[in-house]
Amino acid sequence: MHVWSTLLPILGVSATGMAAYILEDDYRTTSFFDKFSFFTGSDPTGGFVSYVDRTTAQNAGLISTGSSVYMGVDHTNIASSSGRPSVRISSTNSYTHSLVILDLAHMPGGICGTWPAFWMLGPDWPTNGELDIIEGVNTQSTNQMTLHTTDGCTIANTGFTGTLLTSNCYSYAPGQAENAGCGIADPSSQTYGSGFNSAGGGVYATEWTSDGISIWFFGRGGIPGDISAGAPNPSGWGTPVAKFAAGSCDFEEHFREMQIIFDTTFCGAWAGAVWGSGSCASIDSSCEDYVANNPSAFAGAYWEINSLKVYQDSASAAAVKVDVNVNVNATQDLQGHRHQRHAGRRGRGF
């Protein structure tokens, strides 16, 4: 039997707050994929990719677990007409408000033809929102963070260190490219692709509250001690690189029940669309031809995850659903919902 229970006294968190956040889900590396489902449908962004199931990925060496999590793509074989084999996973749990902390040693970005992303997606896109935390294409050297919503959500150019690209989060906003959403670019080359990987990776921390969404990046040598200690306190982290707030947006209305997603696709509606205007065109006239016929080029197109943890703020934790038959001092898990899917040019969901 399940009951609704107040966790503040149970967890020793007072009203004044000894701890701002408590651990909700620890995606432990040894059992990481047990908390995700594998998407095997056609790529909604039109990518030259064949997403495979867990068994196929395991047998082909595209995924592995241990002290860290490996998620890669096929880099041995010429690809068939259906695209290069890869992995797209969605968390079985979903979240409304959270502090998501990803410690990443390596990402797939910075390679011609690739379009990797670490993101969150609500059901019935874009009704319940999309949040792109890590995203880029081809040889892009800096990270791009984006929100996608229904109409009525804009952000202000204030409160963050990144560069505002677009301010209207509505996926079909007039005057913006279709599915551009509201985007912020990180100016540092250590936040994405080869620069990120050569520096040993780092930590992305994403805080989502009723007031907005903030994203911080910390290089390997600058990770706050409270994150390492498992007691994260965003109030001490300084100005975020991206802050989606201060405009005209009801975040309670536009973002709900979002799942965590990792994927690596190729070409498609972004990486393929800009192929001819970038440096990659000098190595092959066609993105799909290059991806199909140069498997070894994608040996570095992998995610290596040191840890992924989701925290809940103490106020929201008062409404966590708990099982009376388990130790009430244990970390509580919120059960998720299956997500709906959409097609779009720059929006990632579907």
Side-chain angles (χ1 to χ4, degrees), residues 43 45-49 71-73 75 84 86 88 102 104-119 130-148 160-166 176-204 206 215-219 241-242 244 261-291 294 297-304 344-349:
D43 181 30
T45 63
F48 184 68
V49 65
M71 281 184 290
V73 306
H75 56 86
R84 183 157 298 285
S86 182
R88 169 172 163 164
L102 173 69
L104 195 62
H106 189 280
M107 68 169 67
I111 302 170
C112 286
T114 57
W115 180 3
F118 168 63
W119 50 300
E130 174 184 338
L131 162 59
D132 302 320
I133 302 169
I134 300 174
E135 186 174 28
V137 296
N138 300 326
T139 56
Q140 184 174 316
S141 61
T142 61
N143 186 40
Q144 183 168 322
M145 299 148 285
T146 310
L147 302 186
H148 301 271
F160 54 90
T161 63
T163 302
L164 182 69
L165 302 175
T166 46
Q176 294 183 180
E178 184 176 344
N179 279 333
C182 53
I184 298 173
D186 191 323
S188 171
S189 61
Q190 289 192 9
T191 63
Y192 185 81
S194 58
F196 176 92
N197 296 331
S198 63
V203 165
Y204 272 94
T206 303
I215 301 173
W216 289 263
F217 172 74
F218 305 106
V241 67
F244 300 92
I261 303 177
F262 291 87
D263 76 82
T264 303
T265 188
F266 306 95
C267 304
W270 188 5
V274 300
W275 179 269
S277 60
S279 60
C280 294
S282 64
I283 59 175
D284 199 304
S285 60
S286 165
C287 181
E288 292 192 359
D289 285 347
Y290 180 74
V291 171
N294 296 275
F298 304 100
Y302 66 89
W303 302 93
E304 183 182 355
R345 190 183 75 82
R346 288 283 296 277
R348 302 277 315 181

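We use all heavy atoms of the structure for the numbers below, so side chains are in, but hydrogens, waters and symmetry mates are not.
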Considering residues at least two apart in sequence or located in another chain, which fulfil the ring pair (Phe, Tyr, Trp, His ring centres under 6.0 Å) criterion with Phe244? none
List the residues meeting side chain to side chain contact (heavy atoms under 4.5 Å, CB included) with Ala297, not counting sequence neighbours, and say none if there are none. Tyr290, Asn294
Sorted by chain and residue number, the side chain to side chain contact (heavy atoms under 4.5 Å, CB included) partners of Leu102 (sequence neighbours excluded) come out as Leu104, Phe118, Ile134, Phe262, Ile305, Leu308
Measuring from atom CD of Gln144 to atom CD1 of Ile184, what distance do you get when rounded to the nearest 0.5 angstrom? 10.0 Å
How long is the span from the OG1 atom in Thr114 to the CG atom in Asn138, to the nearest 0.5 Å? 6.5 Å
Test side-chain contact (heavy atoms from CB on, under 4.5 Å) on His148 and Trp119; report intermediate values, then the result. CA-CA 11 Å; His148 301 271; Trp119 50 300; over 6 Å; no
Residue set satisfying side chain to side chain contact (heavy atoms under 4.5 Å, CB included) with Ala105, at least two apart, ordered chain then number -> Glu304, Asn306
Could you go through the side-chain contact (heavy atoms from CB on, under 4.5 Å) check for Glu130 and Thr146 one step at a time? CA-CA 8 Å; Glu130 174 184 338; Thr146 310; over 6 Å; no
Could you note down all residue pairs passing side chain to side chain donor-acceptor pair (under 3.5 Å) where residues 187-204 supplies at least one of them, sequence neighbours left out? His106-Asn197, Asn143-Tyr204
Can you tell if the side chain of Trp303 reaches within under 4.5 Å of the side chain of Met107, non-hydrogen atoms only? yes
Please identify each residue that fulfils side chain to side chain contact (heavy atoms under 4.5 Å, CB included) with Thr161, with sequence neighbours left out. Thr239, Val241
Any donor-acceptor pair under 3.5 Å from Thr142 side chain to Pro187 backbone: no
Exercise: identify the closest heavy-atom pair between Ala185 and Met145: C-CE, 4.2 Å
Steps toward side-chain contact (heavy atoms from CB on, under 4.5 Å) verdict (Phe160, Ile215): CA-CA 9 Å; Phe160 54 90; Ile215 301 173; over 6 Å; no
Minimum heavy-atom distance between Gln140 and Glu135, given as atom pair plus value: NE2-O, 3.4 Å
Which pairs of donor and acceptor atoms, one on a side chain in residues 278-287, lie under 3.5 Å apart (sequence neighbours left out)?
residue	atom	partner	partner atom	Å
Ser279	OG	Thr139	OG1	3.4
Ser282	OG	Ser279	O	2.7
Asp284	OD1	Ser286	N	2.9
Ser286	OG	Glu288	N	3.4
Ser286	OG	Asp289	N	3.2

Check the angle between the aromatic planes of Phe266 and Phe298 and answer parallel, tilted or perpendicular using the 30° and 60° thresholds. perpendicular
If we only count heavy atoms from C-beta on, is the Val291 to Cys267 side-chain gap below 4.5 Å? yes
Result for side-chain contact (heavy atoms from CB on, under 4.5 Å) between Pro116 and one of Asp263, Thr264, Val137 points to Thr264
